[in-house]
Amino acid sequence: MSEIGGARTLITGAASGFGRLFAVRVAREGGHLVLLDRDAAGLEEAAASCRGYGVRVFPYVVDLSSRDEIFRTAERIKAEAGAVDILVNNAGVVTGTSFREAPVEKIEATFAVNTLAHFWLVKAFLEEMIARNRGHIVTISSAAGIIGVRRLADYCASKFAVFGFTEALRMEFKKEGLRIKTTIVAPYYAKTGMFEGVKTRVPWMLPLLEPEYVVARIFKAIKKNRPLVVLPPVVRSVWFFRLLGVRVLDAMADVLGVHTSMDTFVGRRTS
Ligand SMILES: NC(=O)c1ccc[n+]([C@@H]2O[C@H](COP(=O)([O-])OP(=O)(O)OC[C@H]3O[C@@H](n4cnc5c(N)ncnc54)[C@H](OP(=O)(O)O)[C@@H]3O)[C@@H](O)[C@H]2O)c1
């Protein structure tokens, strides 16, 4: 969607990290905002920063792992804020252990937030987008939605899932001749705190990304209606190495330290 200024953008996980930075970027452009997160204090801070740019901001405290809460909140949003033009499904959580060690509650929460919440929010706002034949759905997947990584099994599965979901949506919209755009974003690790402690073995090729860089690329991708953003772009080589067979893919990932990257993970110390 080329015109973000003047449009209404809904961002999940807006209290922190990419979501918060992206909200401020949209506000700077003159875009109105609907911000969702479970962290009330962080959400209010994000909303205040955005209001500083003179735009309308509607913050909602919501637990995105609850389908009922999502649908209830969506009804409030439609009544209070109006139609959503750009939906950014960004909120995410990570367990960060081997699958054997992962508590079932954390696995379920990962799927509820990283995957199912995307389905429910698209369900909630898609009909209105279709009626107006206008909209943009942005999915924050991950490089871990392109390649399976040790100690990220549930996370990778949730991110592969939303990658496929959004690709399928794109094809449905195309077939039906709808002017609803989609963008999948697949970044490598970034310095937001979510993946605190991870290490990268070849930083000149696979650096830990600056959140501002990621957000700038998401913003540009929406403006230019790009369906896919992989960051850094070299991560796209995974698809090439897959063609050469699993042994080559595994060897490449080992050389780049992909499967040891999570060994030093601590994550957010508060969670
Ligand atoms: N950072 C990276 O390296 C990286 C790389 C690739 C992809 N991503 C993806 O990018 C997205 C944003 O990541 P980030 O690094 O910006 O993360 P972040 O700083 O942790 O922000 C995520 C936000 O989502 C909120 N959230 C989590 N569970 C929620 C729930 N059940 N209901 C409502 N809000 C909830 C978090 O609240 P709490 O603080 O209370 O948890 C937090 O405010 C995620 O989907 C992540 O998987 C991140």
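Counting convention: from 1, in listed order, for ligands and their atoms alike. The figures that follow rest on heavy atoms only: side chains count, while hydrogens, waters and symmetry mates do not.
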What part of [X], side chain, backbone, both or neither, has a heavy atom within less than 4.0 angstrom of ligand 1?
X: Val93; value: side chain
X: Ala112; value: neither
X: Phe195; value: side chain
X: Tyr155; value: side chain
X: Val113; value: side chain
X: Val94; value: neither

Next item on the list: Could you walk me through whether Ile218 and Thr183 pass the side-chain contact (heavy atoms from CB on, under 4.5 Å) test, one step at a time?
Entry: CA-CA 8 Å; Ile218 299 172; Thr183 298; 5.9 Å; no

Can a non-hydrogen atom of [X] be found less than 4.0 Å from any atom of ligand 1?
X: Gly193; result: no
X: Ser66; result: no
X: Lys159; result: yes
X: Arg268; result: yes

Notebook entry, point to check: Thr182 and Thr139: side-chain contact (heavy atoms from CB on, under 4.5 Å), yes or no, with the steps?
Noted result: CA-CA 8 Å; Thr182 59; Thr139 297; over 6 Å; no

Notebook entry, point to check: Are Phe18 and Leu10 connected in a single hydrophobic cluster, I mean Ile/Leu/Val/Met/Phe/Trp/Tyr linked by side-chain heavy atoms less than 4.5 Å apart?
Noted result: no

Next item on the list: Could you tell me how the ring of Phe119 sits relative to the ring of Phe165: parallel (under 30°), tilted (30 to 60°) or perpendicular (over 60°)?
Entry: tilted

Check: In terms of the angle between their ring planes, are Phe195 and Tyr189 parallel, tilted or perpendicular, with boundaries placed at 30° and 60°?
Finding: tilted

For the [atom1] atom on [X], are there more than 12 heavy atoms of other groups (residues, nucleotides or ligands in this structure) within a distance under 6.0 Å?
X: Lys174; atom1: NZ; value: no
X: Arg201; atom1: CZ; value: yes
X: Lys199; atom1: NZ; value: yes
X: Phe240; atom1: CZ; value: no

Options [options], ranked by nearest heavy atom to [atom], top entry:
atom: atom 7 (C) of ligand 1; options: Gly92, Gly42, Ser141; answer: Ser141
atom: atom 41 (O) of ligand 1; options: Met194, Arg38, Glu69; answer: Arg38
atom: atom 9 (C) of ligand 1; options: Ile140, Leu208, Leu209; answer: Ile140

Element-labelled atoms of ligand 1 that are located less than 4.0 Å from some non-hydrogen atom of [X]:
X: Ser65; result: 31 (N)
X: Ser16; result: 18 (P), 19 (O), 21 (O), 42 (C), 43 (O)
X: Asp63; result: 30 (C), 31 (N), 32 (N)

Heteroatom proximity flag, [X] to ligand 1, N/O under 3.5 Å:
X: Ala143; answer: no
X: Asp39; answer: no
X: Asp37; answer: yes
X: Pro187; answer: no

Notebook entry, point to check: So, Glu80 and Arg56, do they make that salt bridge, N to O below 4.0 Å?
Noted result: no

Margin query: If we count only N and O atoms by modelled type, under 3.5 Å, do the side chains of Arg20 and Ser49 hold a donor and an acceptor together?
Written below: no

